[in-house]
Amino acid sequence: MNKIITRFPPSPTGYLHVGGARTALFNWLYARHTKGRFILRIEDTDVQRSTQASVDAIFEALKWLDIDWDEGPYFQTQRFPIYQEYIQKLLDSGHAYYCSCTPEEVDAMRKKAMETGGKPKYDGTCREKKLSKGENTVVRFKAPLMGTTVLEDVIKGNIVFQNSELDDFVIQRSDGVPTYNFVVVIDDIAMGVNTVIRGDDHVNNTPRQIQLYKALGAQLPVFGHVPMVLGNDRTRLSKRHGATSVTAYRDMGFLPDAFINYLVRLGWSHGDQEFFTREDLIEKFNLENIGRSAGVFDLEKLLALNADHIKAAPPAKIVPHLLPFLKEKGYEAEAGPYLEGVIKTLNARSKTLKEMADGAEFYFQENLIYDENAVKKFLTPAVLEPLSQLIAELEAIETFSEKALEAAFAKVLESAGLKFSKIAQPVRVALTGKTVSPGIFEIIEVLGKEQVLSRLKNALGFING
RNA sequence: GGUCCCAUCGUCUAGCGGCCUAGGACGUCGGCCUCUCACGCCGAAAACACGGGUUCGAGUCCCGUUGGGAUCACCA
């Protein structure tokens with residue numbers, strides 16, 4: 001069995017969007033699963049719209065997703081000599097010809113065909129003229145007029161196209177730059193790509209490409225067209241539906257592993273399994289279980305999956321992803337046991353890293369910020385006595401183990417004749433400034449004796465003052 | 001409009017002729033747990049688009065209808 005070689009060929013005309021990320025993922029996963037090779041190729045033949053900023057944005061997104069490549073990145077604009085060679089080959093073998101029709105003329109013939117109820121396509125004016133290269137000539141592929149072209153798609157099955165539906169498409173523009181349908185085939189042949197997984201918006205291009213392979217006498221790759229990702233109104237996902245940029249999801253606080261889990265699961269399944277680690281995906285991903293119908297992007301489910309990944313990941317793995325959110329808030333957090341302890345108290349309560357950073361604020365505030373209403377409601381004279389006692393008890397404890405803490409609380413509650421629920425909120429407000437937080441004992445353990453005592457004493461001041 | 005694709009709960013899906021009184025997940029609604037908020041646990045409502053065939057038997061195969069999507073460039 002030959003080694004599987006896949007590729008991801010984004011065009012740098014914008015950031016990496018959700019749909020693109022998914023096809024990148026499918027190709028990458030399939031290559032990793034089969035121990036094959038994954039190639040990154042930048043399709044920048046649209047010189048007008050391609051930008052370096054887009055190239056950088058795509059790299060950045062791929063890096064966040066942790067998708068790596070074995071070969072490339074190749075840039076098509078640096079491969080013109082190769083394309084030129086193949087164009088000449090096609091010209092020489094009679095599979096291509098020069099055409100001097102102007103864009104305006106072609107437009108006109110399309111419009112005319114449309115009016116008379118025909119198919120809008122190039123009418124072959126120059127097909128047999130045997131023109132030679134001229135000032136404004138393009139090179140067109142001489143497509144078969146009759147017969148059929150069959151696309152054997154691994155996920156959609158066989159699709160038959162009538163060749164009469166296709167026209168002689170341009171393979172080299174008048175400025176000498178080759179077009180997409182041509183370079184994609186040449187590169188895939190030259191790079192040995194034998195498995196092409198892409199969005200099904202490319203299905204209608206495929207018969208032209210197949211004809212090119214045939215004209216060149218090259219072997220066809222395995223094609224697999226994956227269904228589109230739709231917005232909640234069932235139209236192609238766009239900005240209207242919310243964020244479409246991959247890095248926007250990073251900035252919202254998603255874990256890359258959760259994001260890829262969601263993206264892959266949207267259109268692929270492995271029985272009833274919903275949660276997949278990256279390793280799981282590599283081990284189990286295949287082409288057979290990719291669905292045929294388009295799927296709607298559902299932020300709620302992504303959120304739920306993100307929460308699951310946050311819960312399941314060891315705190316140390318969360319650290320590098322959380323740090324930027326803490327820094328953004330202005331806190332001097334750093335990797336280490338303290339941060340990991342913080343994460344442990346928050347991972348069951350956070351759907352995103354942003355939420356986690358919000359919930360972690362009190363751990364990092366030099367001067368705790370108190371919620372006014374919380375103070376008014378819970379730091380009342382009634383708790384002055386028990387709180388003072390608690391301070392005394394805690395001061396006597398050497399190390400803050402959960403057991404010792406519980407004993408200290410029990411002692412205070414008993415002598416004051418109070419239930420834990422009576423003192424929990426006051427203590428919570430004293431320690432965090434808020435009425436919502438992780439469990440009291442968890443917080444105390446992480447904060448440590450010094451901080452806990454100082455915050456408790458500070459709270460006493462509120463009651464007295 | 002031409003061509004092509006698709007069709008199971010609101011959403012993602014399992015199902016590859018009998019195991020389906022159609023399963024799981026998210027979401028929704030109840031309840032339990034509980035120091036707040038969560039987590040967790042238990043339970044409920046919720047789908048085979050429609051019509052014809054084929055077959056002893058169809059969510060599963062075929063045809064049609066309807067609905068949705070994609071694509072028709074010297075863009076990729």
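Reminder, nothing fancy here: chain letters follow the sequence lines and each chain counts from 1. Bear in mind that the values here come from a model prediction, so they are computed numbers and not experimental data.
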* To do: Ignoring the backbone of V436(A), work out which of A76(B), G68(B), U36(B) is nearest its side chain.
  => U36(B)
* Asked: Roughly, in whole Å, what's the span from CD in E442(A) to C1' in C39(B)?
  -> 10 Å
* Establish whether the base of A73(B) is bridged to the side chain of D107(A) by a donor-acceptor pair shorter than 3.5 Å. => no
* To the nearest angstrom, how far is R208(A) atom CZ from C72(B) atom P? -> 8 Å
* Asked: Do R349(A) and C39(B) share a donor-acceptor pair, side chain to base, under 3.5 Å?
  -> no
* To do: Sort out the partner of C72(B) for me: Watson-Crick or G-U wobble, both distances under 3.5 Å, none otherwise.
  => G1(B)
* Using atom C1' of each nucleotide, how far apart are C19(B) and A70(B) to the nearest Å? -> 38 Å
* Residues K377(A) and D371(A) bridged, charged N to O under 4.0 Å -> no
* C12(B) P sits how many Å from Y262(A) OH, rounded? -> 8 Å
* Would you please confirm or rule out a distance under 4.0 Å between OP1 or OP2 of U71(B) and any side-chain N or O of R236(A)? => yes
* Asked: Whom does A7(B) pair with, Watson-Crick or G-U wobble, provided both distances fall under 3.5 Å?
  -> U66(B)
* Asked: For atom C1', what is the distance between C39(B) and U71(B), given to the nearest Å?
  -> 47 Å
* Cationic tip of R140(A) within the cone over Y122(A)'s six-membered ring, i.e. under 6.0 Å and within 45° of the normal? -> yes
* To do: Mark this stacking check for H202(A) against A76(B) as yes or no, applying ring centres under 5.5 Å and ring planes under 30°.
  => yes
* Asked: Can a donor-acceptor pair under 3.5 Å be found between the side-chain atoms of S437(A) and the base atoms of C37(B)?
  -> no
* Asked: The side chain of K311(A) lies closest to which of these nucleotides: G40(B), A76(B), A38(B)?
  -> G40(B)
* How far does the C1' atom of G31(B) sit from the matching atom of G67(B), given to the nearest Å? -> 40 Å
* To do: Please find out if less than 6.0 Å separates the ring center of F182(A) from that of F141(A).
  => no
* P atoms of A44(B) and G53(B), separation to the nearest Å -> 38 Å
* Asked: Does OP1 or OP2 of A76(B) have a side-chain N or O of T45(A) closer than 4.0 Å?
  -> yes
* Asked: Say you pick atom C1' in C6(B) and the same atom in C48(B); how far apart are they, in whole Å?
  -> 15 Å
* Asked: So what's G27(B) paired with, Watson-Crick or G-U wobble, going by both distances under 3.5 Å?
  -> none
* Quick one: classify the glycosidic conformation of C48(B) as syn or anti, with syn meaning within 90° of 0. => anti
* In whole angstroms, how far is the P atom of C12(B) from the CD1 atom of I290(A)? -> 17 Å
* **Pairwise P distance, G69(B) and A58(B) [rounded to whole Å]** => 33 Å
* So, for N306(A) and T352(A), which heavy atoms are closest and what is the spacing to 0.1 Å? -> ND2-CA, 3.5 Å
* **Partner nucleotide of A38(B) by Watson-Crick or wobble geometry (both distances under 3.5 Å)** => none
* Within the 6.0 Å centroid threshold, strictly below: F8(A) and W28(A) -> no
* Asked: Of all the choices, G27(B), A7(B), U3(B), which nucleotide is nearest to the side chain of F161(A) once you look at every atom?
  -> U3(B)
* Structure fact -> With the side chain defined as heavy atoms from C-beta on, R292(A) is closest, among C6(B), C4(B), A70(B), to C6(B)
* Whole-angstrom distance between C33(B) and C50(B), as gauged at atom P -> 43 Å
* **Polar side-chain contact K156(A)-C5(B) base: donor and acceptor under 3.5 Å** => no
* Using the C1' atom in both, what is the distance from C61(B) to A25(B), to the nearest Å? -> 29 Å
* Which nucleotide sits closest to the side chain of D298(A): U3(B), A73(B), G10(B)? -> G10(B)
* Asked: Does C56(B) have a Watson-Crick or wobble partner in any strand here, with both distances under 3.5 angstrom, and which is it?
  -> G18(B)
